[in-house]
Structure formats: C-alpha cells, structure tokens
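Values in this document were obtained by computation on a predicted structure and should not be read as measured data. Here is how names work: the chains are called A, B, and so on, in the same order as the sequence lines, proteins then strands, and each is numbered from 1.
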Amino acid sequence: MPIAAAQGPNGSAAPVPVVVAPQPDGSAVMCDLAADGTRLASAVRLNDFSSAIADRERSDRVRWVWAAADGCYPDLLRAGLRLARCHDVALVEALLLGRDGRHGEPATLAGAWARLRGERAPRRAATPSGSAQQALFEPTEPGLPEGAAVLDALIAVYADQLAKIGADEAQARLRLLAAAESAGALAAAEMCFDGLPWRADVHDELLAGLLGPRPPRGSRPRRLAELAEQITAAFGGRPVNPDSPAQLVRAFAAEGVSVPSTRSQVLRDVHHPAAPLLLQYKELARLHSAHGWAWLDSWVADGRFHPEYVVGAVVSGRWASNGGGALQIPRVLRRAVVADPGWTLVVGDAAQLEPRVLAALAADRAFAEAAAAGDLYAELAGAFGGDRSKAKVALLSAMYGGAGGEAGQLLAVLRRRFPDAAGYVEAAARAGEEGRVVRSVLGRACPQPSAAWRSLTASASSAGAGASVRARGRFTRNFVVQASAADWALVLLACLRPRLTSLAGPDGAGRPHLVFFQHDEVIVHCPDALAQPVVAAIEAAAQEAGRLVFGATPVRFPVTTAVVSCYGDAK
DNA sequence: TTCCGTTGCGCG
DNA sequence: AAAGCGCGCAACGGAA
C-alpha cells in the first residue's frame, strides 16, 4: 500500500533521504541515502552547515535525516531557512522504544547507536538546562564517533528504525506517525522562532485594571494587598497569609469552621465572610504570580511571546511546553494576543475532537453517523431524552472513567445505544487493569505499569490494590482516546505546514506563520489578504488528517475557524 | 542555603 | 464516601 506521508502531492516522487550532521566548526557532513536507508553515495563535507542545507533544499525534495530537529533546526531558522520535512531520529527512537515497552531508555542518537551494537546506552550527558542544542554541537557527544564517522551511526540507526517500522503489523500507520512526529518537531521550532504576537501594553493595562498599578518587585499589587487586609479582618484581625493553605485551614478552624482544604471548589460552599474574599484573592493572585509582570518581563520581547514547545514529552503524544506556560495561557490574557497591523489571526479549533476520535476508533455505526454532523452532542441528545448536556456528560464519563452523580445511568444508556463505542473504551480500561499496554490509532504505546504498581496489585488483598487497578484502567481508557486525538492533531499540523508554505510569496514574503498549537487548536498569523486561503488550508488539512489517520469513516472532523485581529475575540 | 514533595489552579 | 484523563508553574514549608 502506498504511504501517503512518503508520497508528495500530485504523486511526485518520494523525497530523497539525506543524512546530515553539523560539525563543531560550523561545517556539515552529509550523505544521500536510498529509500531503504542504505548509503547511496559517499559522504561529503561542506563548509557551512546552513548554506549546504539551503542549497540542497532548494534543488531537491529532501527528507533530512538528523539526530534531532531541536538541536539542528533553530540555527537554520536563524539563518533564514525553512525545511519541508525531516526524520527526527530521537523522536522516532522514543516512539519505537515505547512500542517495545521501553519508555524511559535514552532515546538519543547515542543511545540508539549503543543499543544497536549491543552496548550499554550512555547516560544522558548532564547539560545545562535547555541546551540540547549545545550538547549536539559539543565536539564529542558521549557515545558518538567524531567527525564524519557520526554519519555511520546516523545511517545505521536510521536504517534500523526503517526496518523496525516496516516490520510492524501496522507499518503504514507507524510510518505516518514517525513522519508526523518529525514534522511536529519542525513546526515546534518554527513556532518558537516566530513567536506568538503579544502586546505587552495590552497585557500591562489588563493587569493594572485587575490588580492595580505595577508594584515594586516582590511586593503585592494594591488590589491583592487590600484583599489580604480584608481577609485578616474577616478572621478577627489574626494575621494570615492567604497564600498559605495550611495557615488558612488553621484560621478557619479557629473560627469553628472545619475545611478539608482551601480549594476554590471547597471555599465556594463555606459560609464565612473570609471565603468570598479568598476566592477573589486566589483568582487574582494566580494571575499575578503565573502571568503577571514578571512573566511579561521574562517571556515577551519585541512584541512576541517565544515559548518552547517540547514534542514527544507527554506519553499521549500531546506536546508539553517548557517555560512560559504556553499551553496554559489564561483566557483573560488572550486579549493581549493581537495581530500585527495589516495582518490577522486565523484561529482554528477542532470541534469535539475526542468524542469524534472515539467514534472513528470504535467504528460504532450509530455513533459514527452522529459524528458526521456538526454538533455531535446535539446529535446524540435524542438518545438521552433530548438533553444535549446529558449526552456530553455521558461521553466525557466514558472517556475519563468517571462514574459519579448521574454519570452511571447515562453510561448505561450509552452502553445500550452505542455498544461499540462504550465497548472500545471499556476494553481499553480492562487492558489497563490487567497490566497490559494500549496503543493509539497510529501506534503510540502507553507506558507499562511501574514495578511498584505490579507488586501492589499482585495480591488483591493489599491495601490500595483495587484503587490502583482502577486508576490504571482510567489511564488506559483515556489514553486510547487522548493519544489518538493527539495523533490526528499532529497529522493535521503536518498537513497544514506545506499548505501554508504554498501560500507565501515567491521569496517567502508574507508567509503565514503557525504561531500557536494547543492540543486541538491552532493559530495562524497571516497577512489580511490570506485569511480566507488560510481558513481553507486549515479545513483541508483537517479533512486530510481524518482520512490519513482513520481511513474511510463517516466521522467528520470539523474545525471552527475565526478570523480575528485579537485572540480574545475568537469563540 | 538548596532541594523536593505538596497544594492549588491554569489549559486541553 | 469519594471519585473520572493529561499537562506546567508558583508558592509554601519541611528536610537536607
């Protein structure tokens, strides 16, 4: 079966794999490979890493095979390059290790090279934080040969990875996953480089409006100080630090109010004059500490927020972020995300992604037909007495393993009306409870249970065994859905990148930038005139992703798009 | 002083 | 009776 990811648009020839390694002196060694990863020519050495890559990228359809995009690509971006595709040895190695139940072993090129030769993988070299890049350009990465000989390791490991993928029972999907994960690494580096448009002045005004003017470093903003005083007064003048849960619990106890914790959820039901004040305080204090002026100082420069996305850091295949909390931007701050003059933001959000993914995964006919519509929950409402919200609760409970409140009854309805969908997640839960692993649709494996879990659950009588078994079941139940949704989103990203590139001017001028990706949501920053083509590109990429990941299915994956100048205006 | 586990809350 | 999934970050407070 031809693999779509290995085949260009219009049936053009598959890209040529070219293995490349930057050298400490700024030069590069590279070598053309055959489709099966074997050496096609002898290695060449080129004086300048980025110009060597640029020349080749211009003249050929290349898949760059390298140790890791997060090491190589930022330099190339700074040099003004954009690459179409790569094979990220480290990310693919992590996928393959996970598939073999070996999560946690070093997934670096050096680790893979050592395993290939039956040696112990070198422990990851201790590097200063965030300097994967530095490590790569160290003259001698531990465990790797120096100079052009590093290509031997790269070529051998790449060929081995291709062989492992080819030997998998679901090789086409695994190959797609490897390509999408690698494309994700390119997208992540580009997003970090380009940055999310961020108006520091708008952010500052917003903070000042809620907290009072910017205070000296280290002291409480006016509004928080006022609330803290009022809280102290509400506790009869006994000084209490509202940031300290322990002090608050004691202060409530002294007033004869027993609280298990100081969570907002708990405080909402506490009848004491301090409770509503604390709720206000907590909300504002959180904004101040997590996304206040200090955040603005560290993360926003030149009108851009430059987060670092970490591909492959989450077991489900979702991205993580490192510094700046890129994936936890509070809704109120979306006001500060404003397009440049003459540019616009296209915000695309995959509607009800996870239940749709479940529908496609389970191939539940009745469910899948409902998922052919725009509002899945509304479509399912009929099965739940016409109540859309009940349909939603039932679905979320099925996917998360919740069974509280009325969820139990709603699950029973779900099981009766959509037996295959319910059966799919329940089979995943059972697998987890039995200590087995599950996989996403494209073959990303969940981690095996820990040794501690195994020994705890080995005897049903030991305390906590039942709870641990059920927790593992909820994890695997959710994993199959969340990880498959992540597969879909990653493929969407991989399909969207080339479409956006093709909208750029001849010299790359006015190129639409992907500037944000959050699980099921993308933001593209583009010139005003390109807004509609970008909308079309996102929708087309979503449909392409659905087809590539799930094949023939009636399930649709609609993306809600909004063309706005301010992120706060989307939705 | 630094380190680390816990608490709590933001996002999906 | 309490409880669903996955993350990152900041502050606290005890331990080293």
Subject >> Atom-pair distance (CD on A:E283; P on B:dC9), nearest Å >> reply: 11 Å
Original post:
At under 4.0 Å, does any side-chain N or O of A:S244 touch on OP1 or OP2 of C:dA11?
Top reply: no
Original post:
Of all the choices, C:dC5, B:dG8, C:dG13, which nucleotide is nearest to the side chain of A:N478 once you look at every atom?
Top reply: C:dC5
Subject >> Distance-only donor-acceptor check, side chains A:Q280 and A:R223, under 3.5 Å >> reply: yes
Subject >> Separation of the P atoms in B:dG8 and C:dG4, to the nearest angstrom >> reply: 14 Å
Subject >> Glycosidic class, syn or anti, of C:dG8 using a 90° window around 0 >> reply: anti
**OP:** May I ask you to decide if the ring planes of A:F305 and A:W299 are parallel, tilted or perpendicular, using 30° and 60° as cut-offs?
**Re:** perpendicular
**OP:** Look at A:S264 and B:dC9 and indicate whether a side-chain polar atom (N or O) is within less than 4.0 Å of OP1 or OP2.
**Re:** yes
Original post:
For A:R220 and A:D243, what are the C-alpha separation, side-chain angles and deciding distance, and is it a salt bridge (Lys or Arg N to Asp or Glu O under 4.0 Å)?
Top reply: CA-CA 11 Å; A:R220 276 199 181 112; A:D243 292 316; 3.5 Å; yes
Original post:
Is A:Q518 touching bases, backbone alone, or none of the nucleic acid, heavy atoms closer than 4.0 Å?
Top reply: sugar-phosphate
Original post:
NA contact type, A:R477, heavy-atom cut-off 4.0 Å: base, sugar-phosphate, or nothing?
Top reply: nothing
Original post:
Between the side chains of A:D487 and A:S440, is a donor N or O closer than 3.5 angstrom to an acceptor N or O?
Top reply: yes
Subject >> Mutual orientation of the aromatic rings belonging to A:F550 and A:F557 [parallel < 30°, tilted 30-60°, perpendicular > 60°] >> reply: parallel
Subject >> A:R444 vs A:E181, salt bridge (Lys or Arg N to Asp or Glu O under 4.0 Å): CA-CA, chis, key distance, verdict >> reply: CA-CA 11 Å; A:R444 191 188 304 267; A:E181 188 92 331; 2.8 Å; yes
Original post:
Touch check for A:R334, heavy atoms < 4.0 angstrom, all strands: base, sugar-phosphate only, or nothing?
Top reply: sugar-phosphate
Subject >> A:Y73 side chain to A:E190 side chain, donor-acceptor N/O pair below 3.5 angstrom >> reply: yes
Subject >> Interatomic distance where CG belongs to A:L395 and P belongs to B:dG12 [whole Å] >> reply: 19 Å
Original post:
Got a salt bridge between A:D297 and A:R214, using NZ or NE/NH1/NH2 to carboxylate O under 4.0 Å?
Top reply: yes
**OP:** Rounded to the nearest angstrom, tell me the gap between atom CZ in A:R263 and atom P in B:dG10.
**Re:** 12 Å
Subject >> Whole angstrom value for the distance that separates P of C:dA11 from NE2 of A:H291 >> reply: 12 Å
**OP:** Take atom P in C:dA3 and the same atom in B:dC9, then report the distance between them in whole Å.
**Re:** 14 Å
Original post:
Between A:N322 and A:Y309, is any side-chain donor less than 3.5 angstrom from a side-chain acceptor?
Top reply: no
**OP:** Would you mind classifying the nucleic acid contact of A:I329 as base, sugar-phosphate or nothing, using non-hydrogen atoms under 4.0 angstrom?
**Re:** sugar-phosphate
**OP:** Would you kindly check whether a donor in the side chain of A:R318 faces an acceptor in the base of B:dG12, or vice versa, at under 3.5 angstrom?
**Re:** yes
Original post:
Can you check the A:R472 CZ to C:dC5 P distance for me, whole Å?
Top reply: 13 Å
Original post:
Roughly how many Å is it from CD in A:E521 to C1' in B:dC11, rounded to a whole number?
Top reply: 10 Å
Original post:
Is A:R334 salt-bridged to A:D569, going by a charged N under 4.0 Å from an acidic O?
Top reply: no
Original post:
Under 4.0 Å between a side-chain N/O of A:K282 and OP1 or OP2 of B:dC9, yes or no?
Top reply: yes
**OP:** Give the ring-plane orientation class for A:H272 versus A:F252, where under 30° counts as parallel, over 60° as perpendicular and anything between as tilted.
**Re:** perpendicular
**OP:** Determine the stems involving DNA chain C; a stem requires 3 or more consecutive pairs of the Watson-Crick or G-U wobble kind, each with both distances below 3.5 Å, and the answer is none if no such run exists.
**Re:** B:1-12 with C:5-16
Original post:
Of all the choices, B:dT7, B:dC11, C:dC5, which nucleotide is nearest to the side chain of A:P245 once you look at every atom?
Top reply: B:dT7
Original post:
What's the CZ-P distance between A:R268 and B:dG8, to the nearest Å?
Top reply: 13 Å
**OP:** Report the distance from atom CZ of A:R474 to atom C1' of C:dG6, rounded to the nearest whole Å.
**Re:** 13 Å
Taking only nitrogen or oxygen atoms into account, show me every contact under 3.5 Å that the protein makes with nucleotides 7-10 of chain C, one pair per line with its distance.
| unit_1 | atom_1 | unit_2 | atom_2 | d |
| --- | --- | --- | --- | --- |
| C:dG8 | O4' | A:Q328 | OE1 | 3.3 |
| C:dG8 | O4' | A:Q328 | NE2 | 3.1 |
| C:dG8 | N2 | A:R286 | NH2 | 3.0 |
| C:dC9 | OP1 | A:G323 | N | 2.3 |

